[in-house]
Number of protein chains: 2
Amino acid sequence: MAAETAGHAAPGPRRTPGSRSRPGLDGAQVADAAVAIADAEGLAALTLSRLAAQLGVRTPSLYHHVDGLDGARRAVALRGLRDLGTALRDAAVGRSGPDALRAVADAYRAYALAHPGAYAATQRVVPAEDDELRAAAARATEVVFAVVRHWEDDEEELVHLVRAVRSALHGFVLLESGGGFGMPAPRDASFARLVDVQRAGLDAHAAGRPASS
Amino acid sequence: MAAETAGHAAPGPRRTPGSRSRPGLDGAQVADAAVAIADAEGLAALTLSRLAAQLGVRTPSLYHHVDGLDGARRAVALRGLRDLGTALRDAAVGRSGPDALRAVADAYRAYALAHPGAYAATQRVVPAEDDELRAAAARATEVVFAVVRHWEDDEEELVHLVRAVRSALHGFVLLESGGGFGMPAPRDASFARLVDVQRAGLDAHAAGRPASS
DNA sequence: GGTTGGAGACTAATACGATTAGTCTCTGCC
DNA sequence: GGCAGAGACTAATCGTATTAGTCTCCAACC
């Protein structure tokens with residue numbers, strides 16, 4: 001009885017003297033840890049065992065906070081989408097047109113590089129019922145819509161252009177973080193060129209249809 | 001001794017009366033089955049158990065043909081890269097410039113849609129030592145190089161443009177197959193627009209630097 | 001024709017991660 | 001002090017990967 005009153009080997013104090021009643025964890029802490037693991041070691045390294053160890057807790061205890069492994073992955077994805085959305089929004093504020101495009105693109109890439117695990121989690125297929133996840137995704141996408149609207153105001157056509165831009169950004173950061181670029185050429189320059197290409201493509205598109213046709 | 005001479009529950013006859021000596025499998029058959037599973041049920045559904053069941057064999061037997069689960073995934077990736085390379089090459093033959101760009105892009109997308117599992121396997125980080133995998137990837141990328149060279153002949157600059165184009169294609173097919181496009185707008189049209197944007201971007205790029213500067 | 005070598009399948013055994021069920025304790029509240 | 005519930009724990013089950021060791025059959029060689 002002298003050893004291990006409750007089996008804790010956790011880092012630091014475990015209780016919030018204020019509102020919360022029990023020493024235990026909290027969904028946000030679990031998500032934090034999950035994101036940290038995924039970012040540092042890859043999404044595949046995110047296991048419940050690993051997560052529990054990180055938090056100084058036994059695996060089954062995690063089920064009080066997330067819905068199994070899938071739940072943990074979802075938490076990471078949600079965090080990724082929300083943070084990405086915020087980053088994009090911040091980058092876009094006060095800018096428009098090419099200026100906004102570049103800023104948003106840079107923010108997009110920066111986020112993905114800084115949080116490869118969270119970004120990767122974002123790619124998982126989102127169940128149609130998961131409104132929370134869908135909303136977060138939509139919020140991030142909206143920023144791109146707002147930016148591209150500079151070149152095209154017809155909403156239907158806009159969807160296509162946004163898809164093109166998103167695809168380019170998404171593809172680049174995945175190839176980059178996955179080591180998909182074999183050549184030694186500087187990736188920063190490549191990304192700048194990618195944005196140039198998109199920009200020029202949008203310009204040409206806008207020039208081709210001066211009005212909403 | 002009456003029951004189960006060798007423990008087979010395999011589908012159909014198991015031997016090639018001709019050249020091969022033993023009833024057993026063959027690396028190519030294993031790869032075929034792995035690709036089939038990955039394409040039909042997703043890369044995550046590719047497990048050794050599942051693969052063994054598919055082939056009418058016990059799990060450990062697979063180790064004679066592939067190097068564990070990672071080996072199976074690698075086999076799928078290799079198949080994907082090779083087939084993709086071939087498809088791109090076929091699409092490019094006899095064309096150049098915008099015509100080639102569109103044909104290659106369409107072939108790229110068609111492959112990814114037809115073989116989502118194999119395409120997904122392609123994304124895995126490739127170890128630097130894996131020459132076979134790298135060669136297959138390079139072969140596919142070369143086609144894009146050849147196409148984009150129409151717009152830019154400086155090899156260093158070309159690398160950037162190729163990355164931009166690859167990124168766009170890669171990003172699109174991933175978003176598409178991952179259900180990343182929430183809107184109902186037709187995806188074919190989006191993809192066509194994406195190619196237009198890339199094309200116009202390349203045109204603008206070429207116009208901006210008439211010579212190799 | 002018998003022997004031998006090896007490919008390739010199998011069973012047995014181990015380890016690890018996910019998940020569920022049931023138990024125990026601590027905290028805050030009445 | 002007693003009660004209710006949050007939240008951690010142990011025990012147990014299951015699926016999958018992986019390794020070790022065994023067995024059988026085919027084919028080439030003597």
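Each chain gets a letter, A, B and so on, in the order its sequence line appears, and its residues count up from 1.
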Salt-bridge criterion met for A:Glu155 and A:Arg149 (N-O under 4.0 Å): yes

Salt-bridge present (B:Asp130, B:Arg74; N to O < 4.0 Å): yes

side-chain contact (heavy atoms from CB on, under 4.5 Å) assessment of A:Arg109 paired with A:Asp188: CA-CA 10 Å; A:Arg109 177 173 175 236; A:Asp188 285 359; 2.8 Å; yes

What is the distance, to the nearest angstrom, from the [atom1] atom on [X] to the [atom2] atom on [N]?
{"X": "A:Leu55", "N": "D:dG7", "atom1": "CG", "atom2": "P", "result": "14 Å"}
{"X": "B:Leu62", "N": "C:dA7", "atom1": "CG", "atom2": "P", "result": "18 Å"}
{"X": "A:Leu51", "N": "C:dC16", "atom1": "CG", "atom2": "P", "result": "19 Å"}
{"X": "A:Arg58", "N": "C:dG22", "atom1": "CZ", "atom2": "C1'", "result": "17 Å"}

A:Leu46 to A:Leu69 - nearest heavy-atom pair and separation: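 Here A:Leu46 and A:Leu69 meet closest at O-CD1, 3.5 Å.
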
Minimum heavy-atom distance A:Tyr63-A:Gly68, with the two atoms named: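 Minimum heavy-atom contact is CE2-CA, 3.5 Å.
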
Most 5' of A:His64 and B:His64 on DNA chain C, judged by nearest nucleotide: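 It is B:His64, whose closest nucleotide lies nearer the 5' terminus.
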
For nucleotides 18-21 of chain C, which of its nitrogen or oxygen atoms have a protein nitrogen or oxygen under 3.5 Å away, and what is each distance?
unit_1 : atom_1 : unit_2  : atom_2 : d
C:dA18 : OP1    : A:Leu48 : N      : 2.9
C:dA18 : OP2    : A:Leu48 : N      : 2.9
C:dA18 : OP2    : A:Ser49 : N      : 2.9
C:dA18 : OP2    : A:Ser49 : OG     : 3.3
C:dT19 : OP2    : A:Tyr63 : OH     : 2.7
C:dT19 : OP2    : A:Leu69 : N      : 2.8
C:dT19 : O5'    : A:Tyr63 : OH     : 2.9

Centroid-centroid distance, A:His160 to B:Phe181, less than 6.0 Å: no

